[in-house]
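Here is the structure we will look at, set down as structure tokens.
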Amino acid sequence: YRVMDYNTGKVFYMTYTGGTNHAEMECTTAEDMAKFLSVFGGVVNYSKRPVVIGVNGKDVAASLYGFPHGTDTIKDNDMDGHTCMFFQGSTSHVGGIADVEHQRQIYVAAGA
């Protein structure tokens, strides 16, 4: 999927690798991971950023988490694990509750 960081306009690609309440995503290539890191200030961290992702020819507002963790399914992409992408209506793994910080970033990405 084509992902554009809302604040910087930088574009990189991510691959959907699973998820129930929200999408679990991995950078597709090492070059994509370098761009991912650049929008998060050069290092993995716990911040959440507004992004716009292309889905079936449409732009969709989302929020991307800056800390890869857990299962790693794509080799040679320099990303250790996957990260979370939230959309309107997504919930956390913990109790299925909404994440207010992610929702705030989704509104930013939507231009609201």
Side-chain angles (χ1 to χ4, degrees):
Y1 292 90
R2 179 184 184 273
V3 178
M4 182 191 73
D5 179 71
Y6 182 84
N7 293 329
T8 65
K10 291 183 180 181
V11 173
F12 50 96
Y13 290 84
M14 300 191 83
T15 300
Y16 171 77
T17 60
T20 303
N21 302 332
H22 56 266
E24 294 178 351
M25 307 288 285
E26 289 185 47
C27 289
T28 304
T29 68
E31 181 181 334
D32 294 315
M33 181 59 182
K35 291 178 184 177
F36 172 93
L37 285 174
S38 75
V39 304
F40 283 98
V43 294
V44 296
N45 60 64
Y46 297 111
S47 65
K48 298 163 184 175
R49 295 190 61 86
V51 296
V52 177
I53 180 172
V55 179
N56 296 326
K58 296 182 180 182
D59 289 336
V60 179
S63 175
L64 185 61
Y65 185 48
F67 195 85
H69 56 280
T71 307
D72 186 5
T73 61
I74 300 175
K75 303 303 174 206
D76 300 324
N77 67 351
D78 292 345
M79 183 180 229
D80 186 17
H82 65 270
T83 192
C84 301
M85 184 177 290
F86 277 59
F87 299 92
Q88 182 66 32
S90 291
T91 59
S92 72
H93 291 303
V94 181
I97 59 174
D99 184 301
V100 175
E101 293 172 348
H102 274 301
Q103 292 303 309
R104 188 176 312 121
Q105 297 306 317
I106 293 165
Y107 295 145
V108 170

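Atoms considered below: every heavy atom in the structure, side chains included; atoms not considered: hydrogens, waters and symmetry mates.
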Tell me the closest heavy-atom pair linking [X] and [Y], and the distance in Å.
{"X": "A62", "Y": "M85", "value": "CB-CG, 3.8 Å"}
{"X": "F36", "Y": "C27", "value": "CB-SG, 3.6 Å"}
{"X": "M79", "Y": "P68", "value": "CE-CG, 3.8 Å"}
{"X": "K10", "Y": "S38", "value": "NZ-OG, 3.2 Å"}
{"X": "T28", "Y": "T15", "value": "OG1-OG1, 2.9 Å"}
{"X": "A110", "Y": "A61", "value": "N-CB, 3.6 Å"}

Do N21 and S92 touch side chain to side chain, with heavy atoms closer than 4.5 Å? no

Side chain proximity check, F40 to S47, heavy atoms < 4.5 angstrom: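 In short, these two side chains touch, coming nearer than 4.5 Å.
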
Kindly check if the number of other-residue, nucleotide or ligand heavy atoms within 6.0 Å of CG (D80) is above 12?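 Not more than 12 within 6.0 Å, no.
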
Applying side-chain contact (heavy atoms from CB on, under 4.5 Å), run through Y1 and Y13 and close with a yes or a no. CA-CA 5 Å; Y1 292 90; Y13 290 84; over 6 Å; no

Co-membership, hydrophobic cluster, residues [X] and [Y], 4.5 Å side-chain:
{"X": "F86", "Y": "V51", "value": "no"}
{"X": "Y46", "Y": "V44", "value": "yes"}
{"X": "M4", "Y": "M25", "value": "no"}
{"X": "Y65", "Y": "I106", "value": "no"}
{"X": "L64", "Y": "V11", "value": "no"}

Side-chain donor/acceptor of [X] to backbone N/O of [Y], under 3.5 Å:
{"X": "D78", "Y": "M33", "answer": "no"}
{"X": "E26", "Y": "I74", "answer": "yes"}
{"X": "N77", "Y": "K75", "answer": "no"}
{"X": "R49", "Y": "V39", "answer": "yes"}

Is there a side chain to side chain donor-acceptor pair (under 3.5 Å) between T73 and T17? Walk through the geometry before answering. CA-CA 7 Å; T73 61; T17 60; 4.6 Å; no

Any salt bridge linking D99 with K48? Criterion: basic side-chain nitrogen under 4.0 Å from a carboxylate oxygen. yes

Derivation of the side-chain contact (heavy atoms from CB on, under 4.5 Å) call for R2 and F12: CA-CA 6 Å; R2 179 184 184 273; F12 50 96; over 6 Å; no

T83/E24 under side chain to side chain donor-acceptor pair (under 3.5 Å): CA gap, chis, key distance, verdict: CA-CA 6 Å; T83 192; E24 294 178 351; over 6 Å; no

NE2/H102 to SG/C84 distance, rounded to the nearest 0.5 angstrom? 6.0 Å

For S90 and H22, does a side-chain donor sit closer than 3.5 Å to a side-chain acceptor? no

Geometric class of the H69/F67 ring pair [parallel <30°, tilted 30-60°, perpendicular >60°]: parallel

Return the set of residues passing side-chain contact (heavy atoms from CB on, under 4.5 Å) with V60 (not counting sequence neighbours), or none when no residue passes. I53, V55, F87

Not counting sequence neighbours, which residues clear salt bridge (charged side-chain N to carboxylate O under 4.0 Å, His left out) with D32? List them please. none

